[in-house]
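Notes to accompany the following structure.
The structure presented is a predicted model; accordingly, all values stated were derived computationally and were not measured.
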Amino acid sequence: MATPTDPRRAAADRSVALDSGRDVAFLWLVRTRWAATLAFAVAVVVAHEVLHVALERTPLFVLWSLSLATNAAAAWIPKRHQARSGAWLLGFDVVVLTFILAISGGATNPFSALYLVYITLAAMTSSGRATAALTTLTIVGYGALFVLPVDGPDPHAAMGHGAHGAPAVEGASAYDAHLYGMFLAFAVTAALLAAFVSRLAAALKHREEELVAARAAVARGERLHALTTLSAGAAHELGTPLGTIALVAREIERVAEEEPRLACVREDAALVRSEVARCRGILDRMAGRTGEPVGEALREVTWGALVEGVRERLHAADAARVEVEGADVTLHVPLRAMTQVLENLVRNGLDAAPEGAVRVRAEPATVAGGVRLRVTDDGSGMTPELLARAGEPFFTTKDVGRGMGLGLYLARAVVEQLGGSFQLRSEDGTGTEVCMELPT
């Protein structure tokens, strides 16, 4: 249809908000990695120069350089790949941490607790699948420390315990049992932490989506109120001059009736009066066109009667192009407002497919007791860019003077006020379908 106005705009707004949130998370992750690399360098210097701990400085320097290089490269990652790249960076960090621990004490190194930090970062910045994969990787990495040969100092050697893989000494078996118990505790803690933080992050994301939707609803309400005020003012201002025109036309028609030579004038005066009456009818429906039923009561109407009311408002040629499908269900709607809604949708479809038909269909909705209405055309459809602008009043692809860009916007407003839902589906070159679900 030619005028894209439906909830796709709200969906686009939510998508933009979520993309913005992921961008912030990625930038925050990159900054955290810069801080971590700096802290790692400081820790190595302090351990070697102050505590005089013997460390393998060459492999540590190589691992540190790799972390710097990946973080510098992260600045060139396109935004559309940042969410996935963040998970890969965390996975790389887990592997680096595993090698660092392997050359500096293995499973006995107290810095193995840093694994939990990466799990928390993944749960806050990545998808559930990526978080599960990273959690598994950390458990495998920590378990590998029990298998890999240990180089470097054993923090517990002074306590008379040997690390896993060291020569057996008194108490070594008890100490090994302690280490394996730590591994089990780590695995359980990692799984619970990933699950909890992921649920928390999902709840925060859901809350953000609800906030975006609420803001969009408030914005739509404000626009609708402005349109209602505008239409009411226009109806009030135009009522008086239209009444004057009708009175003068009636007087001209009366005078012309007395002179046969003024027959053409009499016909013109009658035409003016009929057009004034038409304008009055349009003004009476203006409030309905802005999405306000003007206190119109809900009433039962059959689908066939509703479609017939729409056809009466169309030219005969256009009415013949409207194909009615589906069951003759009963709707509980404000008749005048709903007729206007369906008329707007049908006219858009007729404009979008000048030589084709517009199919209107009624069927039971998925919700118990509801009714689903579909309006489908065979036009050229809309590109994703046009759908992204859905929800904007006064946006139209029609030629100047053929439409104001309010049809779908106001149709959606009426449907949502009735407690229903409004969806617009379209692909470039395949036509457009409007789907409305109404409660009964």
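Looking only at side-chain heavy atoms (C-beta outward), Thr376 and Glu325 stay at 4.5 Å or farther from each other. You'll find the side chain of Leu101 reaches within 4.5 Å of the side chain of Tyr115, heavy atoms only. Here the side chains of Leu314 and Arg347 are in contact, with some heavy-atom distance below 4.5 Å. Looking at heavy atoms from C-beta onward, Leu331 lies in side-chain contact with Leu438 at the 4.5 angstrom threshold. Between Asp377 and Asn348, the closest side-chain pair of non-hydrogen atoms is not below 4.5 Å. Contact of the Val96 side chain with the Phe92 side chain is registered, since non-hydrogen atoms from C-beta on lie closer than 4.5 Å. The shortest side-chain heavy-atom distance between Arg361 and Glu433 does not fall under the 4.5 Å cut-off. At a threshold of 4.5 Å between non-hydrogen side-chain atoms, the residues Asp378 and Arg359 count as touching.
A distance-only check finds a donor-acceptor pair linking the side chain of Thr131 to the backbone of Ala122 [under 3.5 Å]. Between the side chain of Arg321 and the main chain of Ala353, a donor-acceptor pair closer than 3.5 Å is present. Between the side chain of Arg313 and the backbone N or O of Glu343 there is no donor-acceptor pair closer than 3.5 Å. Looking at Asp328, its side chain does come within 3.5 Å of a backbone N or O of Trp303 through a donor-acceptor pair.
Contact detail for Gly349 and Val358: the closest heavy-atom pair is C-CG2, 3.4 Å. Taking all atoms of both residues into account, the shortest heavy-atom contact from Arg273 to Ala249 is CG-CB, 3.4 Å. Contact detail for Ala269 and Ile252: the closest heavy-atom pair is CB-CG2, 4.0 Å. Nearest heavy-atom pair, Ala362 versus Val329, reported as atom, atom and distance to 0.1 Å: CB-CG2, 3.8 Å. Scanning all heavy atoms of the two residues, the minimum distance from Leu418 to Pro334 falls at CD2-CD, 3.5 Å. Nearest heavy-atom pair, Val322 versus Arg311, reported as atom, atom and distance to 0.1 Å: O-NH2, 2.6 Å.
Distance CD/Glu300 to OG1/Thr330: 6.5 Å, rounded to 0.5 Å. Rounded to the nearest 0.5 angstrom, Leu116 CG and Thr138 OG1 are separated by 7.5 Å. Leu137 contributes atom CG, which lies 6.5 Å from atom OG1 of Thr98 (distance to the nearest 0.5 angstrom). Atoms CZ and CD, on Arg250 and Glu253 in that order, are 5.0 Å from each other to the nearest 0.5 Å. Atom CG of Leu345 is separated from atom OG1 of Thr432 by 11.0 Å, given to the nearest 0.5 angstrom. With values rounded to the nearest 0.5 angstrom, Leu63 atom CG is found 11.5 Å from Leu68 atom CG.
Residues in residues 182-193 take part in no salt bridge (charged side-chain N to carboxylate O under 4.0 Å, His left out) pair, two or more places apart or across chains.
Ring geometry for Phe61 versus Trp64: interplanar angle of 30 to 60°, hence tilted.
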Report task. Walk me through it: do Met338 and Val301 pass the test side chain to side chain contact (heavy atoms under 4.5 Å, CB included)? Result -> CA-CA 10 Å; Met338 200 63 206; Val301 57; over 6 Å; no
Report task. Apply side chain to side chain contact (heavy atoms under 4.5 Å, CB included) to Met382 and Leu424, showing your working. Result -> CA-CA 10 Å; Met382 289 182 286; Leu424 179 66; 3.4 Å; yes
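The existence of a salt bridge linking Glu257 and Arg266 is excluded, since no basic side-chain nitrogen approaches an acidic carboxylate oxygen closer than 4.0 Å.
In the displayed structure, Glu427 atom CD is contacted under 6.0 Å by at most 12 heavy atoms of other residues, nucleotides or ligands.
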